[in-house]
Amino acid sequence: MYKKTGIALLYAGAAYLIFRYGASIMAWLNEADSFPLVTVLATMLALFPAIPYPIVGGAIGAAFGPVIGGLITWIGSAAASILMFLFVRYGYQEWGGRLLRRYRSLDKLTEMFERSAFLTIVFARLVPFIPSIVINIYAALSRVPFAVYATASSLGKIPPMVLFAVVGDSIANEPAQIAAIIAGYGAFFALTWWLHRLWRRRQGLVKSSPD
């Protein structure tokens, strides 16, 4: 009981600080040069999303460039998802269950998890129609092994996190490239969605269109 209360208070305190000092944090990110400190901060900002994470990723990309910035943004987001998974699975399953009940249409997600948890998590990360917190909590409440979740979730986060950093770097250095970058990611998104539909059809989760 005391352990759960302490974790909850720590979580609430960190969320308050990020919400209270969000503007100062973003200003610091734009001038930061410490990889470890920015990575920790990126993790906290992903775990407590008082600031939209695409904005965070863009600021990191502008400060560190697309490669290092993309790496930091990805590590922060992946680590935050893993921490949320552990938080729910080993301490707050009742809270997670209550939060999930706010979202509708989870039956399809359940079917997909039953067929292949790994691919479901990867596709859910690549196709951002399902809120990240839903994937974190749903996986934590399911029987998916931690290693499977951590690997699939981290892999699926690579393209969008790199995109945030690349866009941020382009805004700072080459604004003319933004349209091409977004168009390229749009094509990647369309391909991913098509592969996702193809996989679901082969799994029997989507009926083929009549001729």
Side-chain angles (χ1 to χ4, degrees), residues 1-19 36-54 56-57 70-162 164 192 196 199-200 203 205:
M1 178 63 182
Y2 293 108
K3 183 178 180 180
K4 288 186 177 181
T5 301
I7 294 174
L9 289 174
L10 180 63
Y11 192 94
Y16 170 77
L17 290 174
I18 290 173
F19 180 80
L37 286 178
V38 175
T39 301
V40 172
L41 185 57
T43 302
M44 298 299 292
L45 290 170
L47 193 58
F48 310 106
I51 303 168
Y53 203 68
V56 174
L71 179 62
I72 293 173
T73 304
W74 171 70
I75 291 174
S77 181
S81 293
I82 290 172
L83 288 173
M84 175 60 74
F85 175 94
L86 295 173
F87 179 83
V88 174
R89 172 161 288 188
Y90 298 108
Y92 291 88
Q93 292 203 5
E94 292 183 5
W95 172 82
R98 288 197 301 271
L99 185 61
L100 275 188
R101 285 192 286 273
R102 299 179 185 177
Y103 295 89
R104 300 178 180 179
S105 303
L106 288 177
D107 291 342
K108 291 181 180 179
L109 187 62
T110 300
E111 289 181 62
M112 292 166 65
F113 256 81
E114 289 174 350
R115 299 298 180 94
S116 176
F118 185 90
L119 286 178
T120 298
I121 294 169
V122 170
F123 280 127
R125 294 304 191 196
L126 290 173
V127 183
F129 292 150
I130 304 174
S132 180
I133 191 172
V134 172
I135 299 299
N136 298 339
I137 295 176
Y138 192 94
L141 296 177
S142 73
R143 295 181 179 179
V144 61
F146 170 75
V148 171
Y149 169 80
T151 303
S153 178
S154 299
L155 284 175
K157 282 180 173 290
I158 293 175
M161 296 305 111
V162 170
F164 299 156
T192 300
H196 173 254
W199 171 71
R200 290 186 65 193
Q203 294 296 316
L205 296 175

Would the distance check show the side chain of [X] and the main-chain N or O of [Y] forming a donor-acceptor pair, the cut-off being under 3.5 Å?
| X | Y | answer |
| --- | --- | --- |
| Tyr53 | Met161 | no |
| Arg125 | Pro160 | no |
| Thr151 | Ala147 | yes |

Which atom pair, heavy atoms only, marks the closest approach of [X] to [Y]?
| X | Y | result |
| --- | --- | --- |
| Ala124 | Ile135 | CB-CD1, 3.4 Å |
| Val88 | Ile137 | CG2-CG1, 4.0 Å |
| Ala139 | Val144 | O-CG1, 3.2 Å |
| Ser154 | Ile82 | OG-CD1, 4.2 Å |
| Ser77 | Lys157 | OG-NZ, 2.8 Å |

> Does a side-chain heavy-atom distance below 4.5 Å link Met44 with Val56?
Replying inline: no

> Any side-chain heavy atom of Tyr149 sitting closer than 4.5 Å to one from Ser81?
Replying inline: yes

> Taking it one step at a time, do Ser132 and Met84 satisfy side chain to side chain contact (heavy atoms under 4.5 Å, CB included)?
Replying inline: CA-CA 10 Å; Ser132 180; Met84 175 60 74; over 6 Å; no

> OH/Tyr138 to CD1/Ile133 distance, rounded to the nearest 0.5 angstrom?
Replying inline: 16.0 Å

>> Ring-plane angle category for Phe146 and Phe85, please: parallel below 30°, perpendicular beyond 60°, tilted otherwise.
In response: tilted

